[in-house]
Amino acid sequence: MPHRQEMTSLPAPTDDIRRQLDRIFDYGGLQASVRRREMLKYVIEETLAGREAELKATTIAISVFGRGPDFNQQSDPIVRLEARKLRRDLDNYYAGAGRDDPIRISIPKGRYIPKFVTQEAADPVAPLPSADPGNASKRTPKPHAAFGSGYTLMAIGFGVIVAAALFWIIWPEVQAPFTPTVSTEKVAILVEDFDVRTGDDLVSLVASGLTNEIAAALIRFPDIAAHLAPHQTVGSPERTVPPGKLPRTDFAVTGDLWQEGGKVLIRAELIRRADQKVPWSARFTAGANGQSITGIQDTISSEIASAVGQQYGYALRDVRDKQLANPNDPSLRGFACVASAQLYRRTYHRDEYQAVRDCLEATVRDDPDYARAWAMLAYLRNDAARFGHEKELSRDEAFDLAREAALRAIDLDPRDTDALQAMSHVEQYAGHIERSIEYARLAVEGNPNDPAALANLAIRYAVAGRFSDAVPVMHSAIDQSVAPPPFYYHVLAANHLIEKEWSAMLAAAERASADGWSFGQAMLAIAHNQLSNDRAAREALKKLAALDPLLSEDPRTWLEGHSMHAVVVEAVVEGLSEARAAVAK
């Protein structure tokens, strides 16, 4: 055991203590949640700044956990409970990986002021490289864990379980870009849309939500690659699946829902593609005196995994206990509200916004512990600010409201991918781009097979101007999608614009403009102009002006309002200016 020497003052320069904190956060096996990491960083920084006397439950609750000035630690013990878990996280770290670290950090019981102790180790760990925000692109990236093709399925499962533990927030200057890896030894399952037998809006929304939730639950089995069938009724005709694009899958999940006597009945079955036989089927009742909707989706995913495992002679590992920390069961109506929000977010139709927002606001009032509802509400509140839907509050106040919802979702379930992605959106529009990227990374770490999470991370990289990171991640999202939504191609078109690859840009812009969003039309106008397609460029500019007058007339303000990096802003502004000048001639 190394010798420890306690100090009555700081045992080392503040930079060394911060470096030790980075070392702790850099450890992949650290179990601390996002919020506990932020709490540790906060109490350390306050102590290093000489404000340790102000470290009380109230100040930590307000600064870290988003509580208001009326916080009461007796009725809301979140700081005390999280501090207890943080002590355990640190004890586990120093019992293993941190045993020989030069500085030991702890939070003594009964207080929140951190304690620093020097440790003399026989083999001290080399210090981390200093962070230089202005030189991040020149850093040697850390290797990212990947699955070797020679590993067995058991090894793959273990690797994903380890990856699932990698939920942390550290400064991005000392992190490597995320490189998605996909196992080639997974069982592929297509979750088809559940049919609705009765013409009831509630049942239709529950069916839509159940389809998505079953796929999400199956993804969390490390040996399963789950795919959602494309939603051809939503969006433009380009959303349909091209010939040969449907993934090769080993099984399909299908089913239907209907309503009888105030109850929702659900039938689900698993079909083996090779011979169309049904190795598993079941029927459930949701609602009054029935099973909860989350209990049903959990049972369906577990029993499907069991049935699939039996086909191959082994049990699929279920790591969801580590992933799904929130046991709250929503009402059918609350579940349907979340499903309606997910449908809205495929199109962002303005005329659908208010009804979905009102439904979510009512859901969180009735069911304040429903993490997914808070996550979707964060998206809707964020949209209110960025699209100008909110008329009674200022832009900053509207964004603060979105942050409040996202923080609530993460407090309820720190590993919920929707909550993490929602927070990445909020951080982007607050101007905290690197923080936005970190939340997006966490969502991918928790659900590495989810193309939506991958695309969200790629977009955050692109907003930051980090296209060398954004492009491979977006290609991975596209490859894992049955029918990639057109906005996935926004990133690729912007990258080709910066690289001045005009033919490739046009191909990507044609895909990007299929959803009717203004940025896709802007990309299309620039590409056509650079290729001297004057008539097509004029038509794209005309559509752009009709869709989004601000982007058409003042692209700089529009782009900066979305926190776009200067390299993107200048490229788009210059490209549109040249296109308008050419058309004017």
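Residues D400 and R403 are not paired through a salt bridge, judged by the lack of any N-O separation under 4.0 Å between the basic side chain and the carboxylate. Contact check on E570 versus R556 returns a salt bridge, with a Lys/Arg side-chain nitrogen under 4.0 Å from an Asp/Glu carboxylate oxygen. A salt bridge between D16 and R19 is present, with a side-chain N of the basic residue lying under 4.0 Å from a carboxylate O of the acidic one. Between R408 and E404 there is no salt bridge, since no side-chain N of the basic residue sits under 4.0 Å from a carboxylate O of the acidic one. Using a 4.0 Å cut-off between charged nitrogen and carboxylate oxygen, E361 and R381 count as a salt-bridge pair.
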Between E38 and R435, does the salt bridge (Lys or Arg N to Asp or Glu O under 4.0 Å) criterion hold? Intermediate values first, please.
CA-CA 12 Å; E38 292 183 346; R435 296 280 289 179; 2.6 Å; yes
For side chain to side chain contact (heavy atoms under 4.5 Å, CB included), just list the numbers for D554 and L550, CA-CA rounded to whole Å, side-chain angles, deciding distance to a tenth of an Å, and then say yes or no.
CA-CA 5 Å; D554 190 358; L550 180 60; 3.9 Å; yes
Could you give me the CA-CA distance, side-chain angles and deciding distance for L407 and F65, then say whether side chain to side chain contact (heavy atoms under 4.5 Å, CB included) is met?
CA-CA 7 Å; L407 285 172; F65 297 100; over 6 Å; no
Test side chain to side chain donor-acceptor pair (under 3.5 Å) on Y94 and R104 and set out the steps.
CA-CA 7 Å; Y94 281 107; R104 182 184 181 97; over 6 Å; no
Starting from the C-alpha separation in whole Å, work towards a yes-or-no answer on side chain to side chain contact (heavy atoms under 4.5 Å, CB included) for I60 and V43.
CA-CA 8 Å; I60 295 172; V43 298; 3.9 Å; yes
Should N456 and H425 be marked as a side chain to side chain donor-acceptor pair (under 3.5 Å) after you check the CA-CA gap, both sets of side-chain angles, and the distance that decides it?
CA-CA 9 Å; N456 180 67; H425 278 249; 3.2 Å; yes
Where do D383 and Y344 land on the side chain to side chain contact (heavy atoms under 4.5 Å, CB included) test, with the steps shown first?
CA-CA 11 Å; D383 289 348; Y344 156 79; 3.1 Å; yes
Might you work through the salt bridge (Lys or Arg N to Asp or Glu O under 4.0 Å) test for D15 and R18, ending with a clear yes or no?
CA-CA 5 Å; D15 286 347; R18 291 191 177 100; 3.7 Å; yes
Mind running side chain to side chain donor-acceptor pair (under 3.5 Å) on D367 and S331 for me, showing each step along the way?
CA-CA 8 Å; D367 193 354; S331 66; 5.6 Å; no
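Defined by atom type and a distance below 3.5 Å, a donor-acceptor pair is missing between the side-chain atoms of Q354 and R357.
Note on ring orientation: taking the six-membered ring where Trp is involved, the planes of Y429 and F399 are parallel (angle under 30°, cut-offs 30° and 60°). Classification of the F487-H490 ring pair by plane angle, with boundaries at 30° and 60°, yields perpendicular.
Contact of the D548 side chain with the F519 side chain is not registered, since no non-hydrogen atoms from C-beta on lie closer than 4.5 Å. Using a 4.5 Å heavy-atom cutoff, the side chains of R415 and E445 are not in contact. T363 places none of its side-chain heavy atoms less than 4.5 Å from the side chain of L377. Put simply, the side chain of I437 does not reach to within 4.5 Å of the side chain of S424, judged on heavy atoms. The closest side-chain heavy-atom distance from V569 to E560 is below 4.5 Å. In this structure the side chain of V491 never reaches within 4.5 angstrom of the side chain of N495, judged on heavy atoms. Two residues are said to be in side-chain contact when any heavy atoms from C-beta on lie closer than 4.5 Å; I105 and K115 fail this criterion. Taking 4.5 Å as the limit, some side-chain heavy atom of Q297 sits within range of a side-chain heavy atom of F335.
The shortest heavy-atom contact between L454 and A477 is CB-CB, 3.8 Å. The two atoms that bring Y112 and A57 nearest to each other are CE1-N, 3.8 Å, heavy atoms only. L559 and V568 get closest at one heavy-atom pair: CD1-O, 4.5 Å. The two residues A385 and R395 come nearest to each other via the heavy atoms O-NH1, 3.4 Å. Nearest approach of A373 to V338, heavy atoms of both residues: CA-CG2, 3.7 Å. The nearest pair of heavy atoms linking F25 to R37 is CZ-O, 3.3 Å.
Using a distance-only test at 3.5 Å, with no hydrogens or angles considered, no donor-acceptor pair links the side chain of R460 to the main chain of S436. Side chain of N212 to backbone of S208: a donor-acceptor contact under 3.5 angstrom is found. Side chain of E82 to main chain of V79: no donor-acceptor pair is present (N/O by atom type, distance under 3.5 Å, no hydrogens or angles). Between the S63 side chain and the T59 main chain, a donor and an acceptor come within less than 3.5 Å of each other. Side-chain atoms of D416 come within 3.5 Å of backbone N or O of D418 as a donor-acceptor pair. Checked by atom type and distance alone, the side chain of S563 pairs as donor or acceptor with a backbone atom of Q428 at under 3.5 Å. No donor-acceptor pair under 3.5 Å is formed between the side chain of H562 and the backbone N or O of M564.
Considering CD1 of I24 and CG of L90, their distance stands at 5.5 Å, rounded to 0.5 Å. To the nearest 0.5 angstrom, I62 atom CD1 is 11.0 Å from R67 atom CZ. Put simply, CG on L492 and CE on M474 are 6.5 Å apart, with the number rounded to the nearest 0.5 Å. Atom CE of M39 sits about 11.0 Å away from atom CD1 of I44, to the nearest 0.5 Å. From I296, atom CD1 reaches atom CG of L210 across 7.5 Å, with rounding to the nearest 0.5 Å. With rounding to the nearest 0.5 Å, the separation of OG in S518 from CH2 in W558 is 4.5 Å.
Listed by first and then second residue, the salt bridge (charged side-chain N to carboxylate O under 4.0 Å, His left out) pairs that reach into residues 50-64 are E46-R51, sequence neighbours excluded.
Aromatic pair Y93/Y27: ring centres closer than 6.0 Å.
Surrounding CZ of R333 are at most 12 heavy atoms belonging to other residues, nucleotides or ligands under 6.0 Å away.
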